[in-house]
Amino acid sequence: MKRRELVLGLGAVTGAGVVIGVEGWRSPQSPRQQSLALPLPSRDAPPLRKLAAQKNLLYGAATQKRFLASDPIFAKHFKQECGLLTPEVELKWKRLRPTPNDFNFKDGDWLADFAVQYQMAFRGHTLVWHKGFPPWFEGHVNALNARDHLLHHIETVVGHYAGRVHSWDVVNEVVFPIHNRRDGLRENPWLQMLGPDYIEMAFRAAAAADPDALMVYNEVALDFDENDKKRAATLALLQRLKAKNVPIHALGMQGHLRGKTQINPNKLKAFLREVSALGLKILITELDVTDRAFPRAIEQRDRQVAKIYAEYLSVVLQEPAVIALITWGLSDRYIWLKNEQRVDGAPPRPLLLDEQMNRKLAWSAIANNLKATSKRSSPSLTHNSLP
Ligand code: G3I
């Protein structure tokens with residue numbers, strides 16, 4: 001059967017977006033649009049990790065030990081496609097800290113070993129967040145002992161994995177302008193107990209415990225046209241940290257996208273430039289596309305999801321400071337979005353492989369943009385234990 005081609009008209013950076021047609025149908029190409037033939041993905045096309053490495057980039061995904069350990073088909077595709085692994089939950093307080101005095105590294109170690117065995121960069125996620133606390137935390141940690149608990153956790157956890165981690169999401173999602181603080185910070189237990197300096201404390205402790213790892217500030221909702229305040233407050237935080245010589249090396253932009261909300265290519269490009277101008281690298285850390293707003297029909301829904309991936313990546317990968325692309329999951333078989341069920345009850349399809357591990361149009365959109373982007377001058381900043 002003649003392979004149908006999906007023509008992906010890439011809006012120029014200032015373009016209105018992306019126009020996608022299917023065989024025989026060509027969207028009206030504006031002069032500034034480039035049309036790239038986006039073939040339906042084939043099983044034998046080179047994997048994303050290889051396409052990324054050819055440009056000195058990293059591609060990988062978040063996952064959980066329970067998926068890799070119990071599902072050899074999934075594990076096979078994960079090894080094939082991913083040059084980086086982010087533990088989805090295993091390195092969070094709730095999993096690492098069964099009691100105030102104990103650490104349980106079992107599952108984190110399993111994933112770290114898996115990453116080393118299959119030549120993947122390994123990410124640490126996350127040391128400081130307003131979610132994922134263990135049950136004992138609230139009754140045990142207070143303003144008097146919070147600093148000790150924070151530093152002991154970071155020094156122990158980062159020290160345990162020192163030399164094996166590409167980058168740590170040291171602090172996660174602490175900017176929240178809706179809370180109307182002058183500094184734009186989110187009211188969270190750490191802020192209430194320690195004041196805003198907890199952020200600097202965390203970065204300094206983490207960097208001291210593993211000088212080889214990239215120290216990352218990870219944030220959500222920086223991507224959309226409507227996110228002006230979030231971007232401004234995040235940039236201001238990064239500027240304050242850099243001005244104090246806090247050891248922060250990169251911004252993690254999570255990239256949780258959805259159909260209803262548009263990106264503004266000009267705003268996104270300008271924001272990336274401002275972050276880069278601070279001397280920071282950028283990682284796209286949790287990319288996925290919620291498909292709730294799209295029709296139930298799978299071919300149409302996959303096409304719309306692929307369009308969002310393509311539109312976003314055609315902007316962010318143009319920024320040379322972007323060194324890694326990580327999706328929040330690899331296959332629709334295992335998604336966190338299951339708790340974002342569609343109104344029509346159809347299983348969500350936000351990721352690159354379907355539940356049967358077939359590559360989807362979203363896979364092609366990522367592959368196409370990895371092929372189209374420029375080669376970075378040097379491999380992603382990794383410690384010396386990775387190729
Ligand atoms: O493993 C237990 C299972 O034994 C138990 O039966 C079940 C009952 O609730 O819970 C399971 O743990 C769940 C865990 O995911 C593993 O699936 C937790 O309840 C659940 O809270 C946890 O959710 C994770 C969430 O962060 C909170 O840690 C999601 O999988 C994960 O995708 C999500 O990821 C976050 C990033 O860390 C930060 N950025 C946003 C992103 C999405 O929310």
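Quick caveat: nothing in here was measured; it's all calculated off a predicted structure. Indexing begins at 1, ligand by ligand and atom by atom, following the structure's order.
A donor atom on one side chain and an acceptor atom on the other are found under 3.5 Å apart for Thr261 and Arg258. Side-chain atoms of Glu286 and Asn218 form a donor-acceptor pair, as typed in the model, at a separation below 3.5 Å. Donor-acceptor pairing under 3.5 Å is lacking for the side chains of Asp107 and Gln64. Counting only N and O atoms by type, the side chains of Glu81 and Trp363 include a donor and acceptor under 3.5 Å apart. There is a side-chain donor-acceptor pair under 3.5 Å between Ser42 and Asp44.
From the protein, the heavy atom lying nearest to atom 33 (C) of ligand 1 is Lys92 NZ, 3.7 Å. Annotation: atom 23 (O) of ligand 1 to nearest protein heavy atom, Val89 CG1, 4.5 Å. Of the protein's non-hydrogen atoms, the one nearest atom 19 (O) of ligand 1 is Lys94 NZ, 4.8 Å. Nearest to atom 36 (C) of ligand 1 among the protein's heavy atoms is His125 NE2, 3.4 Å. In this structure, the protein non-hydrogen atom closest to atom 41 (C) of ligand 1 is Glu286 OE1, 3.5 Å. Protein heavy atom nearest atom 43 (O) of ligand 1, with residue, atom name and distance: Trp336 CZ3, 3.5 Å. The nearest heavy-atom contact from the protein to atom 1 (O) of ligand 1 is Arg95 NH2, 3.0 Å. Closest to atom 30 (O) of ligand 1, if we only count protein heavy atoms, is Glu88 OE2, 3.0 Å.
Only one option out of Asn368, Val322, Leu317, Leu325 pairs with Thr373 in a side-chain contact (heavy atoms from CB on, under 4.5 Å); it is Leu317.
Looking at His249, its side chain does come within 3.5 Å of a backbone N or O of Met215 through a donor-acceptor pair.
Under the 4.0 angstrom criterion, atom 7 (C) of ligand 1 counts as lacking any protein heavy-atom contact. In this structure, atom 10 (O) of ligand 1 is not in close contact with the protein, since no protein heavy atom lies within 4.0 Å of it. Contact annotation for atom 3 (C) of ligand 1: protein absent (non-hydrogen atoms, distance under 4.0 Å). Closer than 4.0 Å to atom 13 (C) of ligand 1 lies none of the heavy atoms of the protein.
Both tests do not hold together for Arg333 against Phe74: distance to the six-membered ring centre under 6.0 Å, angle to the ring axis within 45°.
At a heavy-atom cutoff of 4.0 Å, ligand 1 is contacted by the side chain of Asn172 but not by its backbone. With a 4.0 Å cut-off on non-hydrogen atoms, Gln254 touches ligand 1 through its side chain and not its backbone.
The nearest non-hydrogen atom to atom 16 (C) of ligand 1, considering only Glu90, Gln64, Glu219, Glu173, comes from Gln64.
A ring-centre distance under 6.0 Å is found for Phe105 and His160. Aromatic ring centres of Phe137 and Trp190: separated by under 6.0 Å.
A heavy-atom separation below 4.0 Å is not found between Lys131 and ligand 1.
Met253 contributes atom CE, which lies 12.5 Å from atom CD1 of Ile326 (distance to the nearest 0.5 angstrom).
Close approach of ligand 1 to Arg66 is summarised as follows: ligand atoms under 4.0 Å from at least one heavy atom of the residue are 16 (C), 17 (O).
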